[in-house]
Amino acid sequence: MKIQSPNHQITKSPNSSPTGIVLHSGGLDSTIACKVLQAQGIHIIALYFITPFFGYKVEGQKKILSNRAMVDQGIESKGIDISEVYLKMIKNPEHGYGKHMNPCIDCRILMIRNAINRLDEFNASFVATGEVLGQRPMSQRRDALRIIERESGADGQLLRPLSALHLPPTDVENKGVVDRSRLLGLTGRGRKDQIILAEKYGIKDYPAPAGGCVLADPILSLRFKCMFRLRPELDVNDCVLLRMGRHFVLPDGSWLVIGRDKRENAKLVSMMMEGDIKLDLTAGYGPTGLWRKTCSDVYADLAAGILCRYARIRRRLEEVRLSGPGTENVKTITTFQASDEIVNKYKV
Ligand code: SF4
């Protein structure tokens with residue numbers, strides 16, 4: 001059954017409930033948005049977006065879509081990889097950055113535009129988000145919500161179920177497909193109402209607000225800023241790499257990443273690309289290093305010395321093996337561990 005709307009056909013799922021797409025970040029607010037709409041009998045498809053900065057667990061270049069939480073909630077979910085377009089946007093966001101390196105307004109516009117363009121694909125009538133009026137200083141002010149709606153091409157089709165009662169009615173509310181009286185009127189930064197709603201809907205194990213976005217992390221965003229300044233051509237693999245390990249930029253501009261534990265060491269190995277050099281100790285347990293964008297091994301001693309600084313058992317002299325991915329080309333050098341002064345000088 002189809003009901004016509006001025007902007008988009010209002011469609012119903014095969015079991016004759018209307019369908020809506022909810023942008024799902026994995027957080028509490030977007031899960032509540034799904035639940036509030038489901039409670040009206042609306043079929044929900046939760047879209048989550050994958051970028052180098054959020055949306056998938058870092059495991060080399062293999063993307064592991066994490067939708068277990070959604071399955072637990074009985075919500076159909078789908079991951080969409082927007083890594084390339086996101087990377088382009090983050091280098092120069094039209095609406096600027098928030099407190100850290102979070103381009104929240106452009107980020108929302110990008111994701112909502114993508115979802116709007118998929119309405120037909122999912123046979124859906126509208127897009128909804130878990131945004132709460134006044135909750136975030138950059139992207140959830142009233143004027144910012146309006147800018148996001150307009151610039152994503154979602155005029156009249158973007159529902160914010162948690163704050164709907166403080167916002168103009170959308171097309172689907174006007175048509176009665178979504179019952180406005182059963183939507184919410186939350187505002188502000190407080191979480192009390194959301195926690196009560198989480199209990200009501202049986203939502204457990206939700207993350208802290210904005211806890212999933214590394215772009216809003218004060219320490220990681222400093223690293224991102226510094227590396228984007230040094231290397232504006234950073235690609236998706238580089239950005240994923242930035243999220244793990246200890247980072248150093250050597251005098252020739254080459255980039256050394258050292259794993260902090262066994263898991264990170266394995267991930268670094270899985271992320272190696274042509275031209276990268278792997279460093280590890282020939283004896284005993286120790287960290288793995290990934291040395292990237294180096295044109296020569298002039299600074300091999302320095303890279304090896306920094307790696308030795310993080311060996312579990314520190315010896316005066318260490319033997320470090322340098323090898324490339326998929327090659328037999330192995331070189332071994334003997335070196336001293338770098339001093340704290342050297343480590344701090346090149347650390348990013
Ligand atoms: S906090 Fe991160 S994911 Fe959320 S809108 Fe901002 S940049 Fe996007």
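Just so it is clear, the structure is predicted and the values come from calculations on it, not from any experiment. Whatever order the structure lists ligands and atoms in, that order sets their numbers, starting from 1. Along the sequence shown, residues carry numbers from 1.
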**Study point:** Residue-ligand contact Tyr86/ligand 1, heavy atom below 4.0 Å
**Key:** yes
Review point. Do we see a donor-acceptor contact under 3.5 Å between the side chains of Arg292 and Asn237?
Key: yes
Review point. What atoms in ligand 1 come closer than 4.0 Å to a heavy atom of Cys104?
Key: 1 (S), 5 (S), 6 (Fe), 7 (S)
Review point. Hey, any chance Trp255 and Ile342 share a hydrophobic cluster, counting ILVMFWY side chains that come within less than 4.5 Å of each other, even indirectly?
Key: no
Point to revise | Sub-4.0 Å heavy-atom approach of Arg136 to ligand 1 | key: yes
Check your understanding: What are the two closest heavy atoms between Leu145 and Gln140, and how far apart are they?
Key -> CD2-CA, 3.9 Å
Review point. Which of the atoms of ligand 1 are close to Cys213, meaning less than 4.0 Å from one of its heavy atoms?
Key: 1 (S), 2 (Fe), 3 (S), 7 (S)
**Study point:** Atoms in ligand 1 flagged as close to Arg108, the criterion being non-hydrogen separation under 4.0 Å
**Key:** 5 (S)
Exercise for review: Give the ring-plane orientation class for Phe224 versus Phe53, where under 30° counts as parallel, over 60° as perpendicular and anything between as tilted.
Suggested key: perpendicular
Exercise for review: Determine whether Arg160 and Ile148 make a side-chain contact, defined as any pair of heavy atoms from C-beta on separated by less than 4.5 Å.
Suggested key: yes
Review point. Would you call Pro103 a ligand 1 contact, heavy-atom distance under 4.0 Å?
Key: yes
Point to revise | Centroid separation Phe49 to Tyr86 less than 6.0 Å | key: no
**Study point:** Proximal ligand 1 atoms for Phe54, defined as those under 4.0 Å from one of its heavy atoms
**Key:** 3 (S)
